[in-house]
Each structure stands twice: as C-alpha cells, then as structure tokens.
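Have a look at the structure below before the remarks.
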Number of protein chains: 2
Amino acid sequence: MAPVFGEPPAYVRVADDLRRRILGGELPPGSKVPSRAQLAAEYGVSTNISLQAMRVLTAEGLIEGRPGSGTYVRDTAVMQRLVRAWYRDARGGSPFAAETRAQGKEPGWQSASEFRVPVPESVALRLEIAVGEPCVRTDYTFTADGKPVMLSTSWEPMAVTGGTPVLAPEDGPLAGSGVVDRMRSIGHEIVRVVEAVGSRPALTVEATRLGIAVGLPVIAIERTYWTAERPVETADIVIPAERYQVVYEFPVGSR
Amino acid sequence: MAPVFGEPPAYVRVADDLRRRILGGELPPGSKVPSRAQLAAEYGVSTNISLQAMRVLTAEGLIEGRPGSGTYVRDTAVMQRLVRAWYRDARGGSPFAAETRAQGKEPGWQSASEFRVPVPESVALRLEIAVGEPCVRTDYTFTADGKPVMLSTSWEPMAVTGGTPVLAPEDGPLAGSGVVDRMRSIGHEIVRVVEAVGSRPALTVEATRLGIAVGLPVIAIERTYWTAERPVETADIVIPAERYQVVYEFPVGSR
DNA sequence: TCGAATTTGTGCGTATGTATC
DNA sequence: GGATACATACGCACAAATTCG
C-alpha cells in the first residue's frame, strides 16, 4: 500500500499506539509485546510495518527483542542518582566517596597521572591558558561496588601545581582529597565551580571502560573550578545516561 | 543473501564505513552522501541495505535526507548553553527570558494549561501527593529567535493553587513570572529547587515539537520546587542534547 | 515549459538463519 | 524435531519532490 499523503506513515501510527500502551501501563515492564504477526493482524498492516515500528521503540529504549522468544517491555531501570548539591564541595574531602556511601554502595577508584602533557585547545580555552602549556592530566575510573560508574579526565596547569606536594592528585599528604582541599593547601582558594552538562553517544574507549555498548548516550560534564582570579582545574566527566541521573540542588529566595 | 554468523550484518558494515568517512572528514558537513543506488553498487549490497544503513546514521543525527534531492551530511551545530545558576531564581522573574536575551536571542514561549488533571504516579511521587489528585498541567514550548529550544510540562497540585489568582501560570496578575514569585504571592515561600538531570532518546512527540530526529538524545530534567514543608511544583524539561549544554554554577568554600 | 530521470520515503511479499520453547 | 519468533536480506512497486535536459 502506498503511503497516504497528509497522515503519518503506518509504522509511525503503530509505534505511537504501542508506545501509548506501554507508557499507559497496559503493557507493563517485563511483559511480552505482541509478535510481528499479531501486530500486523491487529493493525491491518504487513509484518514489515510491525518490524519498523518495533525498531523505532527499540531505538527509544522502550522494548527489547529476544530472538526466538519474543519482544519485551524493558524494565524501567532504577535510576541511580549522583548528587552534585550546591553545598557538596563546601565540606572538603572527596565528593564521590561520600555520595556513594550515602547510597549504600562501596566506593572505589583507580587513577593514573601523566605530567607535562601539552594541553589541547578545547581544554586550554576552559583553563584560560595557551594551547600546549604543560599540564598534569589524571584519568580516573570511579566504581561503586566494584562496577565502573563514572570516568573523569582532569587537567591542572603545571603553572599552578608544579613543584608542590600536591602535583599528583593520588600522591602526597592530601592523596584522595578533593580538588578544593589540595588547591587550598598550596594557596589557591577555590570560590566557585561551573558544570556544563551535555549528552552524546559514548566513544569506543569510554564504552569499553564503562562496560556499555558503543553509541549509547552518556552524560558528559565539563567541570571547572575557579579561584577568584582564574580557573585552576577542569575535568571531563562521563556517566552512562541509561543508569544515572545527576542531581543538582540549590537554595532559592534568599535575597 | 542470508546473514553470515560471526560477522556484523551488512547494513552495520555499510553504516560503520559511512560513519568513518563522515567523521574522518572525507564527507564534510553539507556534502552529499552517495545515493542508495550508488551505495549498493559500491558495497555490493541491495538498495534496501543502503537504506537501512542510512536510517542508522539518520537516527544518530549524522545525515539528513531531502526527498528528491539527496542525503546530506548534517552541519555540526554550535553548542549553545542554558544557564541554571544557583543564584538564578533568587531574583524572581522568568529565568528563561533573561538567559536567552543574555545570549543575544529573542525569547518567546507558548503555553497551554489543563485543569483538574489526575496526576500520574511518576509525578505524584515527586509532589508527594496521592495518585490521581487533581493538578494543573501546563505545557510550554520555549523558543529562541522563533526556534523551539526547550519543552516543559509543569504540574502543580490544585490543593496548592486552587481558588487563587495564579491558578494558571499564563493568566492573572503574575502572568509570565516564575514559579517562585507566583507561589510567594499565595503564601508559599519556595526555599530550594532540585534538578535531576538525565539523558534519553527523544520520543516522537518531543522530536516533532523540537524539530529534531526521533531518537536523538535529549537532556531530560526533572525539576522540583520545595517550600520548607513540601514540594509545590514539578516539571519535566526536555532540551535537545545535540545543540545545548545545561550549565550549573555554584559557590564553593564558604564554610 | 514540460517531461523524463533521479532520489528519498514508504510499503509488501518472500526467503533464510538462528534462538527459544 | 517441530513450531514460533526475531533478525537479516532481497526484489519489487509506487508516491512525492527535486533536478535537469
């Protein structure tokens, strides 16, 4: 049948109705979606239309096909929350550990630093330094109960930390402390943090480290710590979007 | 030809190679992608495989078909920022307008309210009310220079605003003001806001309203305003992730 | 100006392989 | 082993839009 001008294509019609049935609770999570043949009969279309409609819902993450078995409504993943409250850094210490323990999971992380790394342009702009300036780059993998939940790549100009005991975040007297404490110990008082939150498909390297499929959306946060004068640290933080929300909380009305 | 076990399907192979050519610069933004017939000849597959491969890349937002003309590599959009600073709501007024003007664009919005809507479970949990309680639901479409940039669906319990002049956000003496001002005028002092930021593929209805392809990632924010006692408003905010970052800024170190 | 060719978008029927029950 | 279901793949057809001679 040729598409009819002026109304949505058949596969969109079927997808929309299936979505309505799923979101409306008629087809709860875990339940089996009618097979292609059944859908074709129900809606008076060919099985290829059922297929196309199901592909749309699969791309939306609503359903999941299991060959030979059937197509099922995906479980509404219990969203974990990563809290980034306004008061978070005010207390010092490493934010991630406290957050994770508060949710009853055991935090952990691995990190590795590289020194005198020439800073790439995108990072140089954020740190307000010249392209190629030497920096300390530190790669983190954060885990909760042993499973990776967050990646972070941190950049600090050698001009700031060079020759100090806190040159490498994982060494020295303040190992494991947050950026705020480390910077304060060498005379840089951090007064604000800016987080730019975006979302994009996971790169191959990120997907591997996080144990997810390539191309699934991740939440990408560009975080920059500022003293009164200048940015002193910036980091690219990557979180699998499917499992996590990032929660910001701040006060209102104190004027 | 039947799929060969152990290696990726033909349409994935074609999609992967096309993606490589696009990201590698061989096919720059704006350039024309080979037609279905050309691709089929190039890769030795049927035109349906070309079609399926192109559908994958379309879903990823890399290419865009123009009927009768061809398929083109999409322009890499410039990333705009939506600022949600800690001090934002402290000043009153509508946050979106000021933010947008600050970036040199003309803000606008349409809204429509519906009354005595029984609240669905997901929203009831956030508002800490019983499922089915009557609420005012308001749908917003926010625009910058006439182009839609943000959707929002707001929920307010009738138990809070019923019988007051600010029942509908777009009517009354404080039309166009922010939630904080409207609530204060009826004796509810908002003291904090919580925003849970996630990312997921766009639903069809959202993609249509935002003018993006279905399935492209959107940033989904669940925002809830709290008085000292209870949540009084919650909203689902949807922003195309491709074009926007959401920026949070807050102070550090005042302890 | 008009019509033919091209291209995308949509839709149907069929065949085959593999997984599950 | 057989029935069912999903995933992949091909060939064909047609409508609408664009392009070009």
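Just so it is clear: chains get the letters A, B, ... in the order the sequence lines come, proteins before strands, and each one is counted from 1. For clarity, every value in this text was computed on a predicted model and none was experimentally measured.
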Given atom [atom1] of [X] and atom [atom2] of [N], what is their separation to the nearest angstrom?
X      : N       : atom1 : atom2 : answer
L51(B) : dT8(D)  : CG    : P     : 14 Å
L39(B) : dT7(C)  : CG    : C1'   : 12 Å
Y43(B) : dA9(D)  : OH    : P     : 15 Å
N48(A) : dC12(D) : CG    : C1'   : 12 Å

Applying ring-ring contact (aromatic ring centres under 6.0 Å, His included), name anything that partners Y43(B), two or more places apart in sequence or on another chain. none

Any side chain to side chain donor-acceptor pair (under 3.5 Å) pairs touching residues 115-125 of chain B, not counting sequence neighbours? none

Listing request: all side chain to side chain donor-acceptor pair (under 3.5 Å) pairs with a residue in residues 23-36 of chain B, at least two apart in sequence or in separate chains. R21(B)-E26(B)

Can you name the salt bridge (charged side-chain N to carboxylate O under 4.0 Å, His left out) partners of D17(B), sequence neighbours left out? R20(B)

Measure the acute angle between the ring planes of F142(B) and W109(B), then classify it against the limits of 30° and 60° as parallel, tilted or perpendicular. tilted

For dA9(D), does OP1 or OP2 lie under 4.0 Å from any side-chain N or O of Y11(B)? no

Could I get a table of every N or O pair under 3.5 Å where one atom is in the protein and the other is in nucleotides 2-6 of chain D?
from: dA5(D); atom 1: N3; to: G68(A); atom 2: N; distance (Å): 3.4
from: dC6(D); atom 1: OP1; to: T71(A); atom 2: OG1; distance (Å): 3.2
from: dC6(D); atom 1: OP2; to: R36(A); atom 2: N; distance (Å): 3.2

Of all pairs that satisfy salt bridge (Lys or Arg N to Asp or Glu O under 4.0 Å), the ones with a partner from residues 196-208 of chain B, not counting sequence neighbours: R200(B)-E206(B)

Between Y72(A) and V45(A), the residue closer to the 5' end of DNA chain C by nearest nucleotide is V45(A)

Nearest listed nucleotide, side chain of S46(B), among dC10(D), dT10(C), dC12(C): dC10(D)

